[in-house]
Every structure is written in structure tokens, then in C-alpha cells.
Chemist: 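Can you keep this structure in mind? I'll have questions shortly.
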Amino acid sequence: MAPMPEWLRVRRGKNATDAAQWSKCPKCGEMIYRRDLAANLYVCTRCGHHFRMGAYDRISTIVDGDFAEIGGDVAVGDPLRWADRKSYPAKLAGDREKSGLSEAVVCGFGQVGGFDVGLGVMDFHFRGGTMGTVVGERVTMLFEEARRRHVPCLIFTASGGARMEEGMYALMQLAKTTAAVTRFMDDGNFLVSILTDPTTGGVSASFAFQADVVVAEPGAMIGFAGRRVIEQTIRQKLPEGFQTAEFLLEKGHIDMVVHRRSLKDALVRLLDYASKGAERRALAGVDA
Amino acid sequence: MAPMPEWLRVRRGKNATDAAQWSKCPKCGEMIYRRDLAANLYVCTRCGHHFRMGAYDRISTIVDGDFAEIGGDVAVGDPLRWADRKSYPAKLAGDREKSGLSEAVVCGFGQVGGFDVGLGVMDFHFRGGTMGTVVGERVTMLFEEARRRHVPCLIFTASGGARMEEGMYALMQLAKTTAAVTRFMDDGNFLVSILTDPTTGGVSASFAFQADVVVAEPGAMIGFAGRRVIEQTIRQKLPEGFQTAEFLLEKGHIDMVVHRRSLKDALVRLLDYASKGAERRALAGVDA
Amino acid sequence: MNPFLDRERFLLELEQRIADLREASADQRVDLSSEIATLESRYHEILREVYGAPTPWQKVHMARHPNRPTSLDYINALDRFDELHGDRHIRDDPAVVGGMALLRGRAIVVIGQQRGRDTKENLQRNFGMVAPEGYRKVRRLALLGSRLGLPIVTFVDTKGADPGIASEEHAQSEAIAQCLVAFTEAKVPIVASVVGEGGSGGALALAIADHVIMLEHSTYSVASPEGCAAILWADASKAEEAAAHLKLTAQDLLGFGIVDEIISEPLGGANRDPANVVARVIERIDASLDRLERISVQTLLAQRYDKYRRIGAWQQETAPVGVRT
Amino acid sequence: MNPFLDRERFLLELEQRIADLREASADQRVDLSSEIATLESRYHEILREVYGAPTPWQKVHMARHPNRPTSLDYINALDRFDELHGDRHIRDDPAVVGGMALLRGRAIVVIGQQRGRDTKENLQRNFGMVAPEGYRKVRRLALLGSRLGLPIVTFVDTKGADPGIASEEHAQSEAIAQCLVAFTEAKVPIVASVVGEGGSGGALALAIADHVIMLEHSTYSVASPEGCAAILWADASKAEEAAAHLKLTAQDLLGFGIVDEIISEPLGGANRDPANVVARVIERIDASLDRLERISVQTLLAQRYDKYRRIGAWQQETAPVGVRT
Ligand SMILES: [Zn+2]
Ligand SMILES: [Zn+2]
């Protein structure tokens, strides 16, 4: 395991530099000190709304200590040479600048509650968390490496779907990641997906719903088609609460809705069950 | 293969002895010569209603030539020493007399369209086709022997469910037959169930819906709970057509509804696909 | 409707009177000990009379007793429980509760049918009658346990599968049939406990197991007595008669080799000392798992097959087990 | 809406005039051959002009042409077809047609998305937009093919998965995600043919395959041009522009290594000679299966993995395939 990277050290010791910034809760309108928000795991201190979290912020709240990123050097491409109002590379550069991320997912290995895990975390702040070749490649690398190490995976999703600017290359990442997930699971490894706001389209229709256990954060919007597409199709407004995590729980799509405050504990318990099961399987097969 | 049994010879050469008898169509009320009805595969010549068929009549319309019955010597028991208005053995004796059957299912091996198959045929005329230990045992023997021979099975269901007079012994036949079906299918063997009027309760909730392909006859009533039980529960009349084969096709429960006239051809085609698939699997696995 | 509840009310009244006398005796410093002794003796007499050798029909009512521990009482008594919801398709059926759990430190998948303990919960849980979505949740959790190597522990407590219109429209038969397959194939030990009423295929869907436990006064039956009477005699009011015929008691079924173990209940039934009964059931599940975990997967599956293969089996030489010809 | 239909109407008028002249020429024994030749030359000129080098947007309309052969046209041209219905749970989705079939004597499982050929059928088939029940039928049939050793042949023709309320309520995402798994794992050769529009994950759910065929003027896209324009620019009317960006033509995708083979269409599109196109597609599927059947299951699955693994893959030494850094 590589030593704790600098960013993690910095994030853990978050100081006053950004404390002066305010964030407005999109649900209740409360103005919250950015520092207070971070201290509260980016959950509104007034109404409990779960803000979208940055990938590294998320990782810092989930891993015990070090985190060794993989695939960080997978380069951003422009397979279609896409340009509309702006060129695709220019859009990417803008998002890199704005988000501090190299792409819409961060993958790597670390420990969670003492269990070695592969961890993938998507970030909506980079191109709306859309999946293109880099996301697909990193996620595939994660599952391939986790399979080699025989460790479980946790994958946090946040995605507007497939990335338009990479066209069919983007769509094919559903097939590629499915292949990697399937091999990973067929070897008896455990997968938990944690669906955060929003999880839609191609990501929703692949690894998000291929996991053993599907967890969601309160209030997260989750679905295949986006709200706007559905409203255009049916030519009427959707009911309040449609496609929220709570709605999906009632409709039987997901296993549990867990508050961010309890999330790490819940994940550790799930990892514990699976770890004990794996031990059992290793022992079974021979009569005593 | 044993030579063609006497009953089959007799049935095939059905003569005038019962031609004088009339049957009334329960759907349209038409009076039909029993001989004409038999010649028309027990389908009403006026409205197409599919009469309930006797097991041996059914077998004679499905197998090409000989049929070697198995489990015919499995004896009828009285595990609970049941007696209400009548003793259970007396009820059984009455049904044996009336139906000419030793129990509610006939199992054996024969050829259908040139394919060797295991064939199980339930008969509603014996205790309403209910499944007790003898039905369970015969069906289990059928699947075990078909697995040994590596041949597909066709099972015709007609059942009011588990047989009350054998209590939990009857219920356990769901578990027993499921175990046999599962081993049979796990070895890659092909199973088609043909649901005839009526198929409900424990038979519906076991091998009927464990098959690769589920076929039903037109108008057959198929369901878990009986019509009366549902009506008592919801305290209202059920809509017309509820729980019919056609209703289930629309609801996606069954693969096809096939007229009795076309049934053997349809089954032969299914057996042909599966046989070709089995040949392929035998060849695959080695690179050319 | 429930003949037990009346007698129970009388017993409770006696209990109250005894307590009152004790209090009076202490407060007013008068000696009421002989009156108390008389009442207590009368109380125990009635207790034995009422509960000493309950008939099958009485057992049906004990199994349905509103204060009898339900599946959730057992599940909540485990070291830890994380509920998993839904069939992944259309609904989460509240009549089934399931998830991952720790039972005395052992990771398991636990699944139970949950009836209500009051009218409101009964409506919410549909009286423990499971719909196809519920059975698909059961199947999903059983497959998960099998995949991850987690033994499966079930609690059976249902009058039967839900018989409503929607359940038929959503293929109740198929849902149960596929549950049976999942339990037959699960590559982990399975222990099922019939803790209340075990009604028909709707109960069996959770009860194909390597070890089947029944509480002393629980019932397990091919159909509910009311259902059986309706089917045979078109008269649900003859349920008591049906109960006697059906051989639905734990003692009958142990004799038949259909269940493997009976756990005793206090005089008067599990509802009279729920915590103790719950603890002993969990202890016995743990003991069974201890034994079953020593068996290889291959042997376990072979034994499971043989166990069900033998029930009502025909042997040409001797009579079939439990079947007299 | 469809710019092709106008031009096509004009061509049809020309065709009719040529036919009329021929008839007149024969009936009235006057020589109209020079007039006919002029018209014919004009006709072919327009044909080439209109259809010679269609733009991506024109191809989108060719792919959607009402007379273009649909999945059922291919399926009905097989030697034999036995349709299997339903998801076994709640519904049979008419937007998907599937079953067992013989293709040149070879037993297969065939599955196709079926849009309508007229308004009535479009409504019945939901314009070929598949609901979760449909994808669960697809998955069931793919598993059946895998289990029985029957190669899987699919026909892709959909704008995308159904985006309605009920589809979301019934877990469209999960249904597609599990289709992807089933095709990834199927232990038999899979050949997918994009014969019309291949829209998004709703198309891919039937198109993870060992060999992917596209008709010359079919399209296959991460989103419909209208959807893409709505997503990127909140303006569905910019669909033509999106179509140009998306690289959704068969020729683009062959170049990217995302499809394996293009089957040519007559000038003007498959709708101008459906029987011929259908026959050639079936012939090419047969040829692919011939080749794929010689490969062991193990090798087949390894090759399928590698095929998708390579798309957009990052290689530290060289640039990723198709991805310029
Ligand atoms: Zn707030
Ligand atoms: Zn009639």
C-alpha cells in the first residue's frame, strides 16, 4: 500500500482557508459555512439534505487510512474529435480546472473498517459524472485488479449516464465494465454499489444494478431515463418523490437507504458478513 | 422398450362400444357423440372447448408408438389413516374403479416425433389430479430415470393441488419433485410442461413452473389459489377469463397457448431445437 | 373465534386476584395465605387443564396467538441484523423480512415471514401472507446466501401464500416454484424453524432445509384447517375437524420424519415466556449450524436430496417410509 | 419531419409516369421510348443524388423508414419460428419478439426488437421501445439459449428503452443491467444485427455479441440524435447537428472496431428490396455462426471479453485504441 497521499492528508486536516465560503442548501435554502458542511459530511445541518460530494472528500470519509489510486494516469481522449459550441478537449480542460479531478471517477484500493477493498467513486462535478472511455477503463481496471487480489469492491455512483461526446465509445463502456464486473462476481467476490445523487442512464443500467447489495443515499435521484425525458414523453409533470431513493426502496429496487452519517458503519457490517462467508467457503468442501 | 401395451392398442383402435354415449360440452352445451369427441381429440366440435382428457387417451395422442410405463406398481398408501365421511382407501378405491387409473399420474418413456422422451401425464379424474405420495414418487422416478437416460421430459399437468388426505406427506412431494427436477435440469436436460385444465396449487407451484418452456391448452384454468378461495378472500366475483391460459399468456407467465390439434407438432419442434442444442453442446468445448 | 383467549382472560383474572390478595395481605397485615394457596392451586389446575394436552385445534390457536413471538422477535434477538429489501423489480413485500445477520458471531442470511402483532401491523404485513414479490425477495436472498457462503436461517409463520388477485396476476405459482428450486440448490446449510403457523406451499417456500425445527405448539400443514375444510367439504366452519385429520402438530411430523427437532414451550405456550423461547430457538439453530458446517457442500446437497427423496418414497421390498400399503 | 419521404414520393411519381408511358407505348403502339429513356435517366440521377451518399441525418431517416424490414421480417424468413412469450412474472412485452427458431437448419434462440409498421402496430409494439418486462423476457431467452446450447441471434431496432413512468417503476435500469450480464455470460455464440435504429443502452441490451452486423444505412448510437441534442443543448430540434457529431453510421463504427461487418443495401435503402436484404442478412448470420461454432466455449468467452475489453482501452505504451490523447 502506498503511503497516504498528500491530498488525503490535506483533506483530513481541512483548515480555515475555505471556511469563509458559504453553501446554500438546494432543498431548504439554508446558508451553511462550507467548513461546517464538510464537518457534517456535506449533509445540510438544518434539513438533512445530502449534498453531492466530491470523490476525494468521499474517499476520505470512507477509507480508514491510506488510499492507493489506480488508473489515475489513464489519459483523456477525444475519440470522435467532437466539437460543438466548444471542443470536447476544451470542455474537459474546463472541468479539470473546476473540479480538480482528472476524470469523473477515482478508483483505488484501501481499507474500510479493516477490510481490504477496491473502491470506485464517481464525481458528478466532472462532466456530470458521465461515463466515457476513461471512466469505463478505470472501473474495469478496478474490477480486474480487485479480482486478482480477491477483495470486495465498493462503488459509489453519481452519473448523468453515458458521455455524449464519446458517442458509441461511451456506450461500449457499459459492455466493458459489465464484462469485468461479471468475471469479478463469478469468482465469488462481493460487490456493493452505493447510489448517490444522481444515478441515471448507462451507469444506472450497468454496475449500479449488478451489485450484490444496492445501497442508496437519502433523497438521491435514481433511474434510467431522466426526469425531463420522461416528462416530454408523457407530456405531464412527474409526481413528487418519483425516482428518489425512498421511492425505489418501496418499489423493491434497492436494498436500503442509509444516511451518510451511518454509511461507513453499514458498509463495514456488509463487508464483515461477506468476509465471514468467504472464510466459510474456503473451509467448506471437505468433510470434517 | 417394452412392446406396445394392450391398453394402447385398444385405445388406438377405439371402436364403437362407447360411441353410443353422449357428452355435453360444458361451455356451449352441445351434445357430442363420445366417439366423435375422441376422434376430435376431446375438443368440442362446435365451440373448440378443450375437454379434460384421460391420461392414457392423452398418451395415445402424443407418443409415436410404444409407451413403457414406470412406477405403475408404486402402491397407494394411507399415511395419515384418514377417514372423514369415507375412509381415504375407500375414496381411492372408488376413483380407481371410476377412472380405470391406479393413481393421478401416469409416467413412462416413449418416442415423440422420433425423440426419446420421459412423459408424465396427470389425470384430473383421479382425486382431482391431486398430488400425494404416489404422484410425487412417480414423478420423481420419471425425472431420475430421464436424467439417467439423458432424455428430455414432457409433463402434462392437471391438478387441484396437494392431496389433503395425505397431509404433510403430500406437501413434501413439492420438495421431492423439485429436487428431482432440479438435478434433471442441472444436467442440461430439457423440460417442457403442458398445463391443462385445471392446474393449481402445489403442482402449479412446483414442476409446472420449473420447466424451460411452459405451454398451456386453450381455456385451461391455471393459478396458485383456487377461484373460490380468492373470491372468499376479496369478497367479490372474479372477472371473466381470470386465471385462464389466455390471461396468463398476456400476463407473461407462460410461453404459449397451443390448440390440442397442433400440440404434438409444437412439442416435436421444441424437442427438435433442444436435441440440436444438445448435439452442439456435445461438440463444443474443443477448439477446431 | 379463539377459544384460548377466553380461558386466558380467566387465568389473567385469577393472576390479578392472587396479586391483589398478596398486596392486601402485606398492606393490611392480615393473613390471607390460605386463600392465596387455594387460588394458586386452582390456577395451576386450570393451567394444566387448558394447556396440558392441547388438541390439534387448540394448537392451531396457540400457533396464532397474538402474543406469540413472531419472526421479527427472533431476528431482533440476533447479535446484529441488516435488512435487505425488495425483489429488485416492482415491490418490497413487508410480509417477508430478510437480510444479513450475525447469529452468535456467525454470519448468515436470515429470512422470516412476518405477520402483524396488532391490527395495524397485520394490515401492513398482510397477516404474513406473502405475495410473489415477497417470494422473489426470498429467492434473491437465498441465492445471495448461497453465492456468498452465508448459511440460510428461516422463520416460518404464515397461514399460506397471499391468495389475492394481484398475486395471481404476478405469478404466485412461479414465484413459489422458483423459491423451492433456490433452496434445493443453495450451496450452504439451511435451517428452517416453524415458529407459528406453517401453511401450505407458502410455508414450504422457506422451509426446504437441512434441519427443520418446530416449536412444540406450532403447526405445519398442507393447508390451513379452514382451507382444508373448504376444499374437502366446502365448509370452512369444519376447520376443527380438519385440524384433527391433518396431523399438523410438531409431534406428528417428528414421527413422520418430516421435521427434525421439537423445541419445548412453557405451559400455556411461547407467548407466556417469549424471551426464553426465542433464546432457546436461537441456541438450537446455532447448534444445528455447528453440525452442518462440518459437512462439505457436496455431501450437504446429497443429504438434502436424500432427505426429501425418502419422504413418501416407494421401496419395492419394504413398505415406503411412512406409507402403509 | 422525414425529408426522405417527400423525395421518395417524387420518385414514386416518376416511377408511375414511366410505367404509364410504357403501358401507353404498348397499348397505343406509339413509340415513346425516347421520352421513357429521358425520364429513366432523370429518375436514376435523382436516385443517386438523394441516396448516393446520405448524410448521418439522412441515414437516421433511412433507418426509421416505415417500409424498412423490421425484426419480424427477418424472423419470419427463418426456416421455422416458435415464439416464446413473457417475463414469467407480470407481462408479455410486445416490443420484443423472441423464441426458438431454425436458421438454415441450425437451432437458435432468436430475439428482436419490434417496432410497428403502421400506426396501429406502433402503438401495440410501443414503437419498439422495450419495457423492463421485455428486457426480462430477453434475459430469460438468452439464459435458455445458453442452457440448451442454442446460439443467440438478435435483431436490434429501437429508438431506445421505454422511458415511461411504469418502466421506471419496474426498474428499467436493473432489467437492462441484468440483460448485459446474461449476454456477457452466455455459453453460446451470439450474433447481433443492427437492422434499423440502435438507440442507447436499450439497444446494447440485445447487442453484446461475438459478431455484430450492421446494415449499411442502419444507425447505432449512444443516444438518439434528438435525445443527444436535448441532453447537450436542451434543444431536441438540433437533432441533425447531433447526428453529425455522434458518429452513428455503420461505416464510422466499423472503423472504430465497434461493429464487425456491414451488409450493403440497395440504392435507396433496404425498403427498396426487403426480401433481398433479409436473405443476405440471414446468410451472413449463418456464415458467422459457422465460424463461431468451431470455437470452444472457453475460447469464445475469452474472445468476447477481450473484444469489449479493448474498446477505449488505455495502454500505457501506445495510445488507447481509438482514443487519441
Ligand atoms: Zn437544507
Ligand atoms: Zn362446445
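Below, read A as the first sequence line, B as the second, and so on, with proteins coming before strands; counting in each chain starts at 1.
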Chemist: So what's closer than 4.5 Å to chain B heavy atoms on C:S167: side chain, backbone, both or neither?
Modeler: neither
Chemist: Of all the heavy-atom pairs spanning B:M168 and C:V222, show the shortest one and how long it is.
Modeler: SD-N, 3.7 Å
Chemist: Heavy-atom cut-off 4.5 Å, strictly under: side chain, backbone, both or neither for C:I258 against chain B?
Modeler: side chain
Chemist: Using non-hydrogen atoms only, which part of C:L246 is less than 4.5 Å away from chain B: side chain, backbone, both, or neither?
Modeler: both
Chemist: Applying side-chain contact (heavy atoms from CB on, under 4.5 Å), run through C:R309 and B:E137 and close with a yes or a no.
Modeler: CA-CA 8 Å; C:R309 181 68 190 85; B:E137 183 68 10; 2.9 Å; yes
Chemist: Below 4.5 Å from any heavy atom of chain C, which atoms of B:E250 appear? Answer side chain, backbone, both or neither.
Modeler: neither
Chemist: With respect to chain C, which residue among B:D186, B:T177, B:T199 yields the maximal number of heavy-atom pairs within a distance under 4.5 Å?
Modeler: B:D186
Chemist: Going by heavy atoms in the side chains, are B:R81 and C:H245 under 4.5 Å from each other?
Modeler: no
Chemist: Select, from B:A175, B:G226, B:G201, the one with the greatest count of heavy-atom pairs under 4.5 Å involving chain C.
Modeler: B:A175
Chemist: Testing the basics here: between B:Q173 and C:G312, what is the closest heavy-atom pair and its distance to 0.1 Å?
Modeler: NE2-CA, 4.3 Å
Chemist: If I measure from the heavy atoms of chain C, does B:L238 come under 4.5 Å with its side chain, its backbone, both, or neither?
Modeler: side chain
Chemist: Quick check on C:I165 against chain B: is it the side chain, the backbone, both or neither that has a heavy atom closer than 4.5 Å?
Modeler: both
Chemist: Among B:G71, B:A179, B:G136, who wins on heavy-atom pairs under 4.5 Å with chain C?
Modeler: B:A179
Chemist: Where does B:I234 contact chain C at under 4.5 Å (heavy atoms): side chain, backbone, both or neither?
Modeler: side chain
Chemist: What part of C:T184 gets within 4.5 angstrom of chain B, counting heavy atoms only: side chain, backbone, both, or neither?
Modeler: side chain
Chemist: Quick one: does B:K251's side chain have a donor or acceptor within less than 3.5 Å of a partner on C:A171's backbone?
Modeler: no
Chemist: Determine the minimum heavy-atom distance between C:L232 and B:E165, stating which atoms define it.
Modeler: CD2-OE2, 3.6 Å
Chemist: Would you sort out whether C:F256 and B:L80 count as a side-chain contact (heavy atoms from CB on, under 4.5 Å), showing the intermediate values?
Modeler: CA-CA 10 Å; C:F256 296 162; B:L80 305 190; 3.5 Å; yes
Chemist: Between B:Q210 and C:A177 (side chain of the first, backbone of the second, donor and acceptor by atom type, cut-off under 3.5 Å), is there such a pair?
Modeler: yes
Chemist: Please tell me if the side chains of C:E169 and B:F247 come closer than 4.5 Å, counting only heavy atoms from C-beta onward.
Modeler: yes
Chemist: Kindly give the heavy-atom pair with the smallest separation between C:A302 and B:R183, and that separation in Å.
Modeler: CA-NH2, 4.0 Å
Chemist: Given that the side chain runs from C-beta out, which part of C:E185 has a heavy atom under 4.5 Å from chain B: side chain, backbone, both or neither?
Modeler: side chain
Chemist: Between C:L248, C:D162, C:L180, which residue shows the highest count of heavy-atom pairs closer than 4.5 Å to chain B?
Modeler: C:L180
Chemist: Which atoms of B:D84 are under 4.5 Å from chain C, going by heavy atoms: the side chain, the backbone, both sets, or neither?
Modeler: both
Chemist: Minimum heavy-atom separation for B:F224 to C:A161, with atom names?
Modeler: CE2-CB, 3.6 Å
Chemist: What closest approach, in Å, do B:M172 and C:Y308 show between heavy atoms, and which atom pair accounts for it?
Modeler: SD-CE2, 3.8 Å
Chemist: Can any side-chain N or O of C:E168 pair as donor or acceptor with the backbone N or O of B:A225 at less than 3.5 Å?
Modeler: yes
Chemist: Could you check if a side-chain atom of B:L171 sits within less than 4.5 angstrom of a side-chain atom of C:Y220, using non-hydrogen atoms only?
Modeler: yes
Chemist: Name the region of C:I208, side chain, backbone, both or neither, that has any atom closer than 4.5 Å to a heavy atom of chain B.
Modeler: side chain
Chemist: What residue, out of C:K307, C:R304, C:E174, has the most heavy-atom pairs lying under 4.5 Å from chain B?
Modeler: C:E174
Chemist: Mark yes or no for whether B:R228, through its side chain, and C:A230, through its backbone, hold a donor-acceptor pair below 3.5 Å.
Modeler: yes
Chemist: Side-chain contact, heavy-atom cut-off 4.5 Å: B:R85 with C:W233?
Modeler: yes
